[in-house]
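Structure, as structure tokens:
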Amino acid sequence: MASFTKLISIFFFLICFLTTQAVSQSGECETTNNSCTNKDKALHLKIIAIFSILIASVIGVGSPLVTRSIPMLHPDRNMFIILKAFAAGIILATGFMHVLPDSFDMLWSNCLQDNPWHKFPFSGFVAMISAIVTLMVDSMATSLYTKKHNEVMPENTPRGEDDRELPVVSGGHFHGHHHRDAKESNVGSQLLRYRVVAMVLELGIVVHSVVIGLSLGATNDTCTIKGLVAALCFHQMFEGMGLGGCILQAEYKWMKKAIMVFFFSVTTPFGIALGIGLSKTYKENSPSALITVGLLNASSAGLLIYMALVDLLSADFMGPKLQGSIKLQVKSYIAVLLGAGGMSLMAKWA
């Protein structure tokens, strides 16, 4: 977990560095006058946004953790699977309908030179590479954790007295406790998988949360801010539910859970505060800002789309619980469509 915290911190510093570079190298690009531009009123709305989004984020990511005592919402129950599918639809729509289109808009902006930005679809390319890199990280991390777990397992696996009483089969080569070992190994591998998914998903969310917070904090367009605040509160709450469900399944100790909840909750408010601090010098339409934020959005989109489709939706829908019940599959599909549809509707305002 310490390495995960360090990695998150590196992402924070990297984004801050890239943003600083975008500010220091920014050049003017002609923009039209906007009647909604009001710096003082925008500042008040941004401060409201910081606290509103922070509260929504804490509620979203924390709700799966505090409702574990409710039998209906236990990870083994159908309702948890349905709610997780709904949250996965939110994350999928975030990648396809919000983050990736924003990247295309930025990297195809008239403020950028035709060559190379208008000659090649960098947004799609970077999103594709990001998805592949996420697959590599996902796969390698799972392999390393599984290998480490298997090395520790034989020494630490508890042996009950009942194991010695189980019958011998196949000429004495296989004992009954081998079945227990296999079951415990499968459970341990699944738990490690949940932990990898939770960490990788949080990394992707942290990146795009800081970026969207930065965009909100840097703008003085009150008309834009009003729509963004409502949309981002909805977005952070339900995206947080998806992450919170993954954290719950990972079965971390309370300190690790608290750290992951903290990082998720503060990233967007941090981005807003960073944007406010840089609002005097940060130009949304400067070439360097468009390129930096556009590429970050593309990489975040690829990661979120991969995580939603592979680690959340595919893992559950191809798992034994959903495969054993067509009725539960239908309910989960409806939940996915509702989540994706609701988040897609938010694209009208954000």
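Bear in mind the structure is a predicted one, so any value in this text is a computation, not a measurement.
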If you take all heavy atoms of [X] and [Y], which pair is closest and at what distance?
X: P64; Y: L248; answer: O-CD2, 3.4 Å
X: V197; Y: C246; answer: CG1-SG, 4.1 Å
X: L65; Y: G244; answer: CD2-O, 3.7 Å

[Y] backbone acceptor or donor facing [X] side chain under 3.5 Å:
X: S139; Y: L135; result: no
X: H98; Y: M346; result: no
X: S332; Y: L328; result: yes
X: S130; Y: V126; result: no
X: E239; Y: A87; result: no
X: T292; Y: A289; result: no

Check: Hey, are D311 and R193 close enough for a salt bridge, meaning a charged N less than 4.0 Å from a carboxylate O?
Finding: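 Yes, this pair counts.
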Checklist line | Approximate separation, where rounding is to 0.5 Å, of I48 CD1 and H44 NE2 | finding: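 One gets 8.0 Å once the value is rounded to the nearest 0.5 Å.
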Note to self: Nearest 0.5 angstrom please: I291 CD1 to Q113 CD, how far?
What the structure shows: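 With rounding to 0.5 Å, CD1 (I291) is 8.0 Å from CD (Q113).
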Next item on the list: Evaluate side-chain contact (heavy atoms from CB on, under 4.5 Å) for Q236 paired with S209, printing each intermediate quantity in order.
Entry: CA-CA 9 Å; Q236 290 296 105; S209 292; 3.7 Å; yes
Note to self: Atom NZ of residue position K331 - does it have more than 12 heavy atoms of other residues, nucleotides or ligands inside 6.0 Å?
What the structure shows: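 Open: at most 12 neighbouring heavy atoms sit under 6.0 Å from NZ of K331.
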Next item on the list: May I ask you to decide if the ring planes of F234 and F238 are parallel, tilted or perpendicular, using 30° and 60° as cut-offs?
Entry: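 The arrangement is tilted - the two ring planes meet at 30° to 60°.
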Checklist line | Pairs touching residues 117-126 that satisfy side chain to side chain donor-acceptor pair (under 3.5 Å), sequence neighbours left out | finding: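 Residue pairs with at least one partner in residues 117-126: S103-S123, D114-H118.
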Check: What pairs meet the salt bridge (charged side-chain N to carboxylate O under 4.0 Å, His left out) rule with one or both residues in residues 205-218, with sequence neighbours excluded?
Finding: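 Non-adjacent pairs meeting salt bridge (charged side-chain N to carboxylate O under 4.0 Å, His left out): zero.
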Notebook entry, point to check: Just one of L304, L309, L312 clears the side-chain contact (heavy atoms from CB on, under 4.5 Å) bar with L92, so which one?
Noted result: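 That would be L309.
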